[in-house]
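I have placed the structure first, in the form of structure tokens, so that the comments after it can refer back to it.
Just so you know, these numbers use all the heavy atoms, side chains as well, and skip hydrogens, waters and symmetry mates.
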Amino acid sequence: MKLIPEGIIDKTLLTNNFELDAQTIGDIYKARWQIESFFKMLKQNFKIKTFIGTSENAVRIQVWTALIAILLTKYLKFLSKAKWHFSTLVTFLKWNLFVYRDLQQWLDQPFTKPPEPESFQPEFAF
């Protein structure tokens, strides 16, 4: 038994704005959905629960910072020869944040052992 006729969900959009045509309303809805998807990806991958500041400027700074982080991560994914999923790459970058190694080599071969760090003991002459 179907409660909703077939195709009604993806063909009908109800609105109380009668001044705009149907195509404009559909475009607005699509743009809103892209914004919702962006914030969903942001919350899932970067574990942002709340904004640090609530002023307009603070929110703008945090959104721009997130956009830059996403852009850099997607660029690293593009450069890599390994087939990374975005969320997996974000997780592995977090895990390897303080490991000193060649980034391009790690992106291409993520499961190789990092090189042993050179023991460097600074000496001070007084």
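The OG atom of Ser80 lies 9.5 Å from the CG atom of Leu103; values are rounded to the nearest 0.5 Å. Distance CD1/Ile35 to CZ/Arg32: 9.0 Å, rounded to 0.5 Å. From Gln109, atom CD reaches atom CG of Asp102 across 10.0 Å, with rounding to the nearest 0.5 Å. Between the OH atom of Tyr29 and the CD atom of Gln34 there is a distance of 12.0 Å, given to the nearest 0.5 Å.
Under the side chain to side chain donor-acceptor pair (under 3.5 Å) criterion, no residue pair touches residues 68-77, with sequence neighbours excluded.
Residues Trp84 and Leu107 meet the side-chain proximity criterion, which asks for heavy atoms closer than 4.5 Å. Contact check for Leu93 versus Leu76: side-chain heavy atoms found under the 4.5 Å cut-off.
Annotation: ring-ring contact (aromatic ring centres under 6.0 Å, His included) contacts of Trp95 (sequence neighbours excluded): Phe92. Applying the salt bridge (Lys or Arg N to Asp or Glu O under 4.0 Å) criterion to Glu56, with sequence neighbours excluded, gives Arg60.
Under the 3.5 Å distance criterion, with hydrogens and angles disregarded, a donor-acceptor pair is assigned to the side chains of Asp21 and Thr24.
Contact between Ala58 and Thr54 at its shortest, heavy atoms only, is CB-N, 4.2 Å.
Transitive grouping of hydrophobic side chains (ILVMFWY, heavy atoms separated by less than 4.5 Å) brings Val59 and Met41 into a common cluster. At a threshold of 4.5 Å between side-chain heavy atoms, the hydrophobic network of Ile, Leu, Val, Met, Phe, Trp and Tyr places Ile70 and Val63 in one connected group. By the rule that hydrophobic residues join a cluster once side-chain heavy atoms approach within less than 4.5 Å of another member, Phe38 and Phe86 end up as members of one cluster. Trp64 and Leu71 sit in two unconnected hydrophobic clusters of ILVMFWY residues. Membership requires side-chain heavy atoms under 4.5 Å apart, directly or through other members.
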